[in-house]
Amino acid sequence: MAGERIMELKDISISYVSKKEKTDAVRNVSFQLDKGSILGLVGESGCGKSTLASVFLKLIYPPSKLMGGSLNYYGRGDEEDILNLKPPDLRRYRWKEVAMIFQGSMNSLNPVMKVEDQIIDVMIDHDYSYTEAMNSVDKLLQMAGISKRVRSLYPHELSGGMKQRVNIAIALSCEPKVLIADEPTTALDVVVQDQIIKKLESLRNELGLSILFISHDISLVGVIADKIAIMYAGKIVEIGKATDIMNNPKHQYTIALLSSIPSLEDSGKKVKGIPGKPPVLNREIIGCAFADRCAKATERCRSEEPQLEQVDSEHLSACYFPG
Amino acid sequence: MLTLRYVRRRVLYLVLTLFVAISINFFLPRLIPGNPAITVLLTRYGNHITPQELRLVESQLNLSGTLWQQYVGYMVALFHGNLGVSFYFYPASVSSIIAGALPWTLFLLGSATVISVILGVSIASFIGWRLGGKTDSMVSTISISLQSLPVFWLGLILQIVFGLMVVINGVGLFPVAHAFSTNVTVGPNLAFIASVLYHSAIPILTLVLISFPGFALLMRNTISTIINEDYVMMARAKGLKTWRLKKMYINKNARLPVATSVALAFGNIVGGAFLIEEVFSYKGIGWYLYTAVTTSDFPLIDGIFLVITITVVIANFIVDLLYSFLDPRVMLE
Ligand SMILES: Nc1ncnc2c1ncn2[C@@H]1O[C@H](COP(=O)(O)OP(=O)(O)O)[C@@H](O)[C@H]1O
Ligand SMILES: [Mg+2]
C-alpha cells in the first residue's frame with residue numbers, strides 16, 4: 001500500500017540551455033514522496049540528481065530551464081501547484097515547507113556572516129520573532145549534533161563536518177516538512193558520514209520529516225531509505241521499496257550498481273565500477289540509455305526505449321531483462 | 001583581526017620604504033649635470049653676490065661639499081624634522097610650504113576617493129541585479145569610455161564648459177581657478193567653506209568621473225561571478241527577502257575586491273589630483289610639485305615626494321584595516 005504523499009512530481013524535464021548546446025539533464029521524471037518517509041535517489045555522478053533536486057524549491061535559474069512538468073505539494077492540506085506560485089508565495093514556501101542540504105554544502109555558507117546570523121536571518125524572514133530566532137540557535141545546533149559554541153564563529157573557522165551540521169541546523173530552523181539532502185555526506189570521512197546518516201534517520205523518526213536522500217552510493221541509501229529511485233541519464237529507470245531494490249533488483253543498471261559495491265569479505269580487492277561512462281545528454285538518446293554499457297543489450301534495446309512498467313507491487317522498472 | 005605583530009611589521013615597512021624613497025628622491029634630481037640651484041640664485045639676486053655671500057647661501061641650502069656630504073647633511077637635518085629651504089620660494093621653508101599645501105590636496109583626494117567608491121559601489125549594486133540587460137551594457141560602455149579619458153583633458157573640457165561656456169549674468173557657472181575666492185576671510189566661517197566647496201566642485205567632479213568607473217566595473221564583474229556561488233543559491237533557497245539577499249549575501253561579498261582595488265587605485269588618483277591642481281591653479285601639493293620640477297627646486301621636490309610616500313603607505317595601512325574589518329577570513333599578521 002502506498003503511503004500518504006506529500007509531494008508529487010509529474011513529467012518534470014529540465015535542460016541547461018546555452019547558445020551552443022542544450023543538455024537535457026532531467027527527462028520526464030515522475031514520482032511521489034511519502035509523508036514521514038525517506039526516499040533514496042541513486043545514480044552515478046552526472047545522471048541529473050542535483051538538477052532534479054533543484055525543482056523542489058524551484059531553484060531554476062539560467063542556464064537551467066524548466067522544459068515541462070508539474071510539482072504538487074500537499075503539506076498544507078490542499079494541493080498546491082508549486083511551479084506556478086507567485087514570487088511572494090514562492091518565497092514563503094521556500095525553506096518553511098521544504099528545506100535543502102546542498103551538494104556543495106562546504107561552500108553553501110556565506111563566508112562573511114556568523115553562523116548564528118545565517119540561522120536567524122531565515123527565521124526572521126519566515127515570520128519568527130527576533131528573540132524566538134535568537135533563542136532557537138542553541139537548540140538547533142544541538143539537534144544537528146554540534147556544540148552551541150560555534151554560533152559566534154565564521155564558516156572558515158569550521159571543519160567540513162561542522163559546516164555540514166551547521167547546514168542541517170539551518171535546514172531545520174523553520175521546521176520544514178520536507179528535507180532534500182543532496183549528497184549530504186560526500187567529502188566527509190566515514191565516521192562523520194555515519195553520524196550524519198543516523199541524525200537524518202532520527203529527524204525523520206522524531207519530527208516526522210519527509211526526506212529525499214540523494215547519493216551516488218547505493219549501499220549508503222540502502223541503509224537509510226524506505227523507498228529507492230534509480231536515476232540514469234536524466235530518467236528514473238527503476239523505483240520501489242528499498243528491500244526490493246536491494247534484494248531483488250530488476251533493471252540491469254541497478255544490478256550493475258549493486259554488484260560494484262565492495263563486500264566486506266573481499267575488501268582487499270579493488271572496487272570495480274561499471275565499465276564505461278554515462279552518456280552525454282546534449283543530443284537525443286535512441287533506445288535504452290544504458291545499452292552501450294549493458295552486457296545483455298540487444299538490437300531492440302538500442303532502437304526502442306523501454307518504458308517504466310510494473311514488475312512487482314510498488315516496483316517499477318524500465319528494462320527488457322527483468323532480473 | 002589586528003595583531004601587534006602586524007603593526008610592528010607595518011611600521012618597519014614604512015621606515016624602510018621611506019628610507020629608500022628619500023634616498024632615490026635625493027640622488028635622482030641631483031644627477032642632472034650642473035647646479036641649477038645656483039643659477040636660480042644668480043638670476044634672483046643678480047651678479048653682485050660676493051663669494052662669502054654665496055658660501056653662506058650655499059651652506060644654508062645644503063649645497064656645499066660633495067654630493068655624499070650633502071646627502072648625510074640632508075639625512076641629519078631630516079632626522080631633526082628639518083626639510084630644508086626652498087630654492088624657488090626662498091626663504092620659505094619646505095615644511096611650511098607643504099603644511100600650507102597638503103590640506104588642499106588631501107581634501108581633493110579624500111573627497112574624490114570617497115565619492116568615487118560610493119558611486120561605483122552603488123551603480124554596481126544597481127546593475128548587478130540586471131546583468132546582461134540594456135542598462136548593464138549602457139553603464140558598462142559609458143564606464144569604460146570615461147575610464148580611458150586623460151584626466152587633464154577631461155579637466156580642461158569641464159573647465160571650459162562650466163567655467164566659460166555656461167555663463168549666468170556674465171559670470172561663469174563655476175570658477176576656473178584657485179581653491180577659494182579672494183574676498184572671503186580664511187577661517188572656519190560659512191562664507192569661506194562655501195567658497196572652498198564651490199571652487200572644488202569641478203576639480204572633484206573631474207577626478208570622480210575618471211575614478212568611479214574602475215570601482216563600478218570591478219564590482220559589477222565580481223557580482224556576476226558571485227551570483228553563481230553556492231551560498232547565493234542557498235540564500236535563494238532560504239526564501240530570504242530580496243533586500244537581504246542582495247545586501248548580506250551578494251554585496252557584502254562583492255565589495256571585498258573593491259576594498260583591495262582602492263589601495264591600488266589610490267596611486268592613480270594621487271597622480272590625477274596633481275594634474276588637476278595644475279589645470280585649476282589649485283595650490284595643493286601637485287601645483288607646488290609642478291613648480292618645483294620646472295625650477296629644479298630640489299629641497300621642495302624631495303619634501304613633496306617624502307609626503308607622497310608617507311601618504312600612500314598610510315592609505316594602504318588604512319585599507320588593510322578596513323579590509324580586515326570587512327572580511328572575517330583576513331587576519332592581519
Ligand atoms: N550549470 C550547468 N550548466 C550546464 N550543464 C550542467 C550544469 N550543471 C549540470 N549540468 C549537466 O547536467 C547533467 C546532470 O548534472 P547533475 O544534476 O549535477 O548530476 P548529478 O547531481 O547526478 O551528479 C550533467 O551532464 C552536467 O554536465
Ligand atoms: Mg549532484
Side-chain angles (χ1 to χ4, degrees), chain A residues 50 53-54 56-64 85 87-115 117-127 152-157 163 166-167 170-171 173-174 176 179-180 182, chain B residues 1-3 121 124-125 127-134 136-137 219 222-260 320-333:
Chain A
S50 296
S54 69
F56 289 89
L57 285 161
K58 204 186 174 190
L59 286 173
I60 300 182
Y61 297 95
S64 157
L85 285 180
D89 296 330
L90 178 64
R91 184 185 83 65
R92 275 187 215 100
Y93 158 85
R94 285 176 171 174
W95 224 254
K96 178 75 198 145
E97 302 300 322
V98 178
M100 183 157 173
I101 300 169
F102 285 85
Q103 175 165 15
S105 54
M106 296 302 125
N107 307 315
S108 287
L109 299 172
N110 185 346
V112 297
M113 276 173 83
K114 284 182 181 164
V115 165
D117 293 329
Q118 302 191 47
I119 298 177
I120 292 169
D121 67 356
V122 65
M123 293 185 71
I124 289 177
D125 280 0
H126 289 287
D127 302 329
S152 53
L153 298 182
Y154 286 96
H156 73 277
E157 298 171 287
K163 278 187 210 168
V166 168
N167 274 298
I170 298 177
S173 61
C174 295
L179 179 66
I180 311 295
D182 190 359
Chain B
M1 287 279 284
L2 185 67
T3 61
V121 166
S125 322
I127 57 172
W129 210 239
R130 298 163 178 77
L131 289 181
K134 267 207 188 105
D136 179 23
S137 58
M219 181 144 155
T222 312
I223 289 178
S224 76
T225 58
I226 281 187
I227 291 260
N228 298 318
E229 291 284 341
D230 291 336
Y231 58 80
V232 172
M233 190 53 97
M234 166 114 163
R236 291 189 202 272
K238 281 164 91 178
L240 297 173
K241 293 187 173 149
T242 308
W243 69 264
R244 196 192 297 281
L245 173 69
K246 279 164 83 173
K247 181 167 174 237
M248 303 301 288
Y249 287 74
I250 296 175
N251 290 352
K252 220 175 168 180
N253 283 289
R255 69 191 186 185
L256 298 178
V258 177
T260 317
D320 266 11
L321 285 182
L322 190 76
Y323 198 89
S324 74
F325 173 75
L326 291 178
D327 188 347
R329 284 165 295 187
V330 173
M331 275 277 285
L332 296 181
E333 59 176 6

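Protein chains get the first letters and strands the later ones, always in sequence-line order, with residue 1 at the start of each.
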message: If I take atom CG from residue A:Leu57 and atom CE from residue B:Met234, how far apart are they, to the nearest 0.5 angstrom?
response: 11.0 Å
- prompt: Got a second to check how far A:Asp125's CG is from B:Arg244's CZ, nearest 0.5 Å?
  reply: 4.0 Å
field: Closest contact, heavy atoms only, B:Pro328 versus A:Pro111
entry: CG-O, 3.5 Å
query: Would you say the side chain of B:Tyr231 lies within less than 4.5 Å of the side chain of A:Val112, judging by non-hydrogen atoms?
result: no
Sidechain-backbone polar pair: A:Asn110 side chain, B:Met248 backbone, donor-acceptor under 3.5 Å: yes
- request: Counting only heavy atoms closer than 4.5 Å, note whether B:Ile227 contacts chain A via side chain, backbone, both or neither.
  value: neither
message: Between A:Val98, A:Asp121, A:Leu59, who has the most heavy-atom pairs with chain B when the cutoff is under 4.5 Å?
response: A:Asp121
Side chain, backbone, both or neither of A:Leu90 within contact of chain B (heavy atoms, under 4.5 Å): neither
- request: Please confirm whether the backbone N or O of A:Gln118 pairs with a side-chain atom of B:Lys238, one donor and one acceptor, at under 3.5 Å?
  value: yes
message: Both conditions, 6.0 Å and 45 degrees, for the charged tip of B:Arg329 above the ring of A:Tyr154: are they met here?
response: no
field: A:Phe102 versus B:Ala237, closest heavy-atom pair with distance
entry: CZ-CB, 3.6 Å
message: With a 3.5 Å distance limit and no angle check, can you tell me whether A:Arg91 reaches the backbone of B:Leu240 through a side-chain donor-acceptor pair?
response: no
- prompt: Say you draw a straight line from OH of A:Tyr61 to CG of B:Asn228; how long is it, rounded to the nearest 0.5 Å?
  reply: 12.5 Å
Side chains of A:Arg94 and B:Arg236 in contact at under 4.5 Å (non-hydrogen atoms): yes
- request: To the nearest 0.5 angstrom, please state how far the NZ atom of B:Lys241 sits from the NE2 atom of A:His126.
  value: 9.5 Å
